[in-house]
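Right, one structure below, let's go through it.
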Amino acid sequence: MTAAYRPDEIEPRWQADWRDSGLYQIDNDDPRESRYVLSMYPYPSGPAHIGHVRNYTFGDLLVRFHTMNGRGVLSPIGYDSFGLPAENAAIKSGVHPREYTAARMEELSASLTRIGAVYDWRRIVSSHDPDYIRWSQWIFLRFHEAGLAYRDTAPVNWCPGCQTVLANEQVVDGRCERSDDPVERRDMTQWFYKITDYAQELLDNLDGLDWPDRVKTMQRNWIGRSEGAEFGLPIADDDGTARNDVEPLAVYTTRPDTSFGMTFAVMAPEHARVDELTTPDQAEAVAAFRAEVSTRSEIDRLSTEGASDKRGVFTGSHVVNPFTGTTIPLYLADYVLTTYGTGAIMAVPGQDQRDWDFATAHGLEIIRTVAPPEDFDGEAFTGDGPAINSASMTLDLNGMGVAEAKATAIEWLVQRELGDRKVNFRIRDWLLSRQRFWGCPIPMVYCETCGLRPVPDDQLPIVAPDDVEFRPTGESPLTYHQGFLNTTCPDCDGPAKRETDTMDTFVDSSWYFLRYCQDDRSVDVPFTLDAVRKFMPVDQYIGGVEHAVLHLLYARFFTMALSDLGHVPGDLREPFERLFTQGMVRLGGGKMSKSKGNLVAPEAIVAEHGADALRLAILQVKPPAEDVDFEDFQLDGCERFLKRVWRLAVPDSELLTGMRSGEPTDADRGIERARHVLIDRITGEFERWAYNTAVAGFMSYVNDLYKYVQSDDGPHGPTLAAAIDTLLELMAPTTPHIAAELWARRHDGAHVHERTWPVADPAMLVVDQITMVVQVNGKVRAKVEVAPDIDEAAAETAARAALADSGQLDAGTRKVIVRQPKLVNFVV
RNA sequence: GCCCGGAUGGCGGAAUUGGCAGACGCGGCGGACUCAAAAUCCGCUGGCCGCAAGGUCGUGUGGGUUCAAGUCCCACUCCGGGCACCA
């Protein structure tokens, strides 16, 4: 009687075994070569959803694979446990975010365990843990000392739905990436991390990272480096001459070569010098325009729709084009941003479409300074070409290409001390303060006499009190808690107030991977240099592409800054050596989301098919990098396959009767060869993340074994045993429970996950026969079995022989292509 | 608009370098077992023509290179993603 395959019975048993045995715990003095395999730590939103399961299955497979390959694998887990959902739940139902979060973490931990994922649970971190808060604050203070954390008043993104400010990275198409509310502009005093200090290195290092090109491109776009020139446009007097008593208007351009075509200049509506440079007769129009712009939402303003003439207004003032000496009008327009460059531009309608549109709408002059090609029928010409109309007494660019003209123009500016070469970045500093309760408090106090003071290290962590009222007010609930708010100044002991804003949760995720390295959590630093050196950088990071310019950029910044400050080794500049971004799981073509109520619950699948079948289905359905629709999962087929494996491998199987012994036959040798081929194939496929074809490999192999077992001669005992044992070893990372159970049953309770990964014998991979295709005019007409080392002449002879009866070569051949041993093609 | 991906049977997909298109799975059809069903096992399964042997067409569209193209080149269509007043 064959024992039944009962995943519901064996899986929880093995999950407990892995957790208790410590097989996947690693100590910092472990002598094995170390590997750091990390899946992005999850926000604890309750039981795992199918997207989580996909992510953590890939990670778990790698952990188990590397472990069997003799490496000491750091496989940690933790929770990104600060954040809005817990606080919103508190507002709605009154349950404290801490309790809410603890319950959700419990659920998520249980589901991760239930799908068979293994971790060193001793190293767990959670963002909201006071111990973790302490070190988030400690790092903030180090950054503050170094000038990398600062407070500033700036126009910021306000999300009315989340009732907090957002970082630029969290605004997508003018909307909040979380709540999708349109974002408003507000001037607020906020905390920033000075990520712009690292813009150049963040850009440069991308080249050396083994990351998807897509993600690198997104980061490059986000950082947005541009090279150009910055120079001053003198303000013109009433009679058109440059005034010496007024500071020139600074502009930034990437096209100094086109300066002779500058026919007007434009300031951003929010530019600091608008009032100064507006003439009395235009004051009313300017004020009206600015008022109108300020009420427009970001989305409207970003939109290119709408009449161009409404997008700007004349200031009444003129400036001087230093290249030509001519006087040109100065406008205000909303297409110029106050936050980029100098907030003012020289407008060259001939070479810039935005300037072209504006010039056309306002009846301004257009001068081409780059000759467009003959067939050019567009408006502004932005391509390369010889300069025209670009000469003065002191500078002649005519005839030069764009690059040469640029360099020459900049040189001219520098010589006359009018301006200089300038590199600009699109990336802004990271706005990190949030007006919310459920986040890490910013450890600063405001003293009436001493001003802004950092909280001393020995007073950390600053933890939010429990007895606060949760109301969506737009200010942190901490603002209304007198006990938290009122404190004393660390320097003068006088009355002081605490900062009530908390940190963006992306701060927490910017260093958790460093904390995981630290085994002894009692030391007085968040991580020791030795601990970090032992495991960092992360060898394989796995997560969603949605973090391409959020988490992945911030974490890189943190690593560089901590490196410069000496808290991690100086040569550790990049945290994640290899990155894999897995695709999303969708349902019925749409995005799966809680709000749509179409989440697939892995619990139900595990209950019906078992965790191994679910893991196998995840791996089988699609290449890991691609998005997948849950409807395409083939759970029945995967479960059926596991049952086939079970019946083949379980010791008391009815399938296995009448085992042959003695000398192996050709059929036996064929199976033995297939075993080695499988080892070779699966090892390669695992290394290149070809899990879907690896599953196909397992299935094919098992099909072969079934034929072998049911063949007339019957299976050869030792051959079959080896064939099955190898299969179980190779399947251990993908379907760990069934592999463990069958191995234990076959080997007296031994553990398959403690086995060494099998190695293929190269001699067994050499085939003695290969199918050679014989073509006539590129069409397959015959196939011949030949030796792999057949020579050219013999191959042609064999091919001719194969076609001899068909008469297809009777007319003679014009050409013969021989690619032994795979193919011979006759051209007739 | 610009920059990346992608398009292969009824479906998900496979095809390291240009060399047998459709591995593997799902679904479908047929058979075995069974009183029957489920489960299981075996076989067939791209279209068209043909009793068959076999032939013929076939990897989004149109061209091209080559003895040979899913794969390389040119042009285009559609789908997905990113960027998009950043001067």
Side-chain angles (χ1 to χ4, degrees), chain A residues 2 4 172-173 212-222 224-226 228-229 251-256 258 266 268 301-304 308 311 333-337 339-348 351-355 357-358 382 424-428 545 548-549 583-584 616-617 620-623 625-629 631-638 640-641 643-644 647 654-655 684-685 688 690 692-703 706-707 710 771-783 813-819 822-828:
Chain A
T2 308
V172 178
D173 291 334
D213 285 337
R214 191 159 60 120
V215 176
K216 291 204 231 181
T217 305
M218 284 164 76
Q219 292 215 350
R220 282 192 194 102
N221 287 342
W222 188 259
R225 184 183 196 274
S226 79
V251 293
Y252 170 73
T253 180
T254 56
R255 296 292 303 275
T258 65
V266 189
R301 202 170 153 180
L302 281 170
S303 160
T304 43
S308 304
R311 306 191 61 195
D334 68 350
Y335 75 88
V336 175
L337 307 177
T339 44
Y340 186 77
T342 62
I345 61 159
M346 67 171 204
V348 185
Q351 267 69 234
D352 185 292
Q353 190 59 42
R354 296 156 296 175
D355 295 345
D357 293 340
F358 194 83
T382 54
N424 253 316
F425 291 95
R426 201 187 84 115
I427 188 174
R428 313 287 147 74
V545 73
V549 290
M584 286 202 310
L616 198 66
Q620 185 234 23
V621 66
K622 250 191 175 191
E626 288 175 32
D627 286 357
V628 58
D629 199 308
E631 288 175 353
D632 295 328
F633 276 44
Q634 297 177 0
L635 289 157
D636 289 326
C638 289
R640 189 173 306 154
F641 167 73
K643 285 180 182 164
R644 269 166 82 80
R647 277 191 300 274
E654 286 164 346
L655 196 62
E685 285 173 330
R688 38 180 253 267
N692 53 332
T693 54
V695 173
F698 289 138
M699 289 176 168
S700 265
Y701 180 74
V702 169
N703 289 344
Y706 263 71
K707 287 197 188 85
Q710 296 174 18
T771 306
M772 186 172 77
V773 174
V774 183
Q775 296 181 333
V776 177
N777 288 341
K779 290 184 177 165
V780 181
R781 292 297 180 222
K783 293 174 185 181
T813 56
R814 281 201 302 152
K815 196 171 177 183
V816 182
I817 288 107
V818 181
R819 293 282 178 278
K822 294 186 81 172
L823 171 139
V824 176
N825 187 15
F826 295 102
V827 185
V828 302

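Proteins come first, then strands; the chains are lettered A, B, ... in the order of their sequence lines, and each starts at number 1.
Pairing for A15(B) is absent, with no Watson-Crick or G-U wobble pair whose two atom distances lie under 3.5 Å. In a base pair of the Watson-Crick type (N1 to N3 plus N6-O4 or O6-N4) or a G-U wobble (N1-O2 and O6-N3), with each distance short of 3.5 Å, C2(B) is matched with G82(B). G54(B) and C49(B) make up a base pair, with Watson-Crick or G-U wobble contacts both under 3.5 Å. Across all strands shown, C44(B) forms a Watson-Crick or G-U wobble pair, both distances under 3.5 Å, with G28(B). Base-pair partner of C72(B): G64(B) (Watson-Crick or G-U wobble, both distances under 3.5 Å). In this entry U77(B) has A7(B) as its Watson-Crick or G-U wobble partner, both defining distances falling under 3.5 Å. With a cut-off of 3.5 Å on both Watson-Crick or G-U wobble distances, the partner of A36(B) is given as none.
U59(B) and U8(B): their C1' atoms are spaced 4 Å apart (whole Å). Taking atom C1' in both U16(B) and C3(B), one finds a spacing of 28 Å when rounded to whole Å.
Heavy-atom nearest nucleotides on RNA chain B were determined for Asp632(A) and for Thr217(A), and the one closer to the 5' end corresponds to Thr217(A). Comparing Tyr252(A) and Gln620(A) against RNA chain B, the residue whose closest nucleotide sits nearer the 5' end is Gln620(A).
By the neighbour-count criterion of 12 heavy atoms within 6.0 Å, atom CZ of Arg426(A) is densely surrounded, having more than that number from other residues, nucleotides or ligands. Environment of NZ in Lys822(A): sparse, with no more than 12 heavy atoms of neighbouring residues, nucleotides or ligands closer than 6.0 Å.
When distances run from any side-chain atom of Ile817(A) to the nucleotides G12(B), C24(B), G19(B), the shortest one goes to G19(B). Of the candidates C41(B), G25(B), U16(B), the closest approach to any side-chain atom of Met699(A) belongs to G25(B). Checked against G19(B), C42(B), C26(B), the side chain of Lys822(A) finds its nearest nucleotide in G19(B). Distance from the side chain of Gln634(A) is smallest for G12(B) among the nucleotides G12(B), C67(B), A15(B). Checking U40(B), A87(B), C20(B) against every side-chain atom of Lys783(A), the shortest atom distance belongs to C20(B).
Annotated as anti: G10(B), whose glycosidic dihedral deviates from 0 by more than 90°.
Phosphate proximity of G55(B) to Arg781(A): present, with a side-chain N or O under 4.0 Å from OP1 or OP2. For the OP1/OP2 pair of C42(B) and a distance below 4.0 Å, the side-chain nitrogens and oxygens of Arg644(A) include at least one atom meeting the criterion.
Among the candidates Arg688(A), Gln620(A), Glu685(A), the single residue satisfying the side-chain hydrogen bond (donor to acceptor under 3.5 Å, both in side chains) test with Thr693(A) is Glu685(A).
Evaluation of atom-type donor-acceptor distances gives no pair under 3.5 Å for the side chain of Arg214(A) against the base of G81(B).
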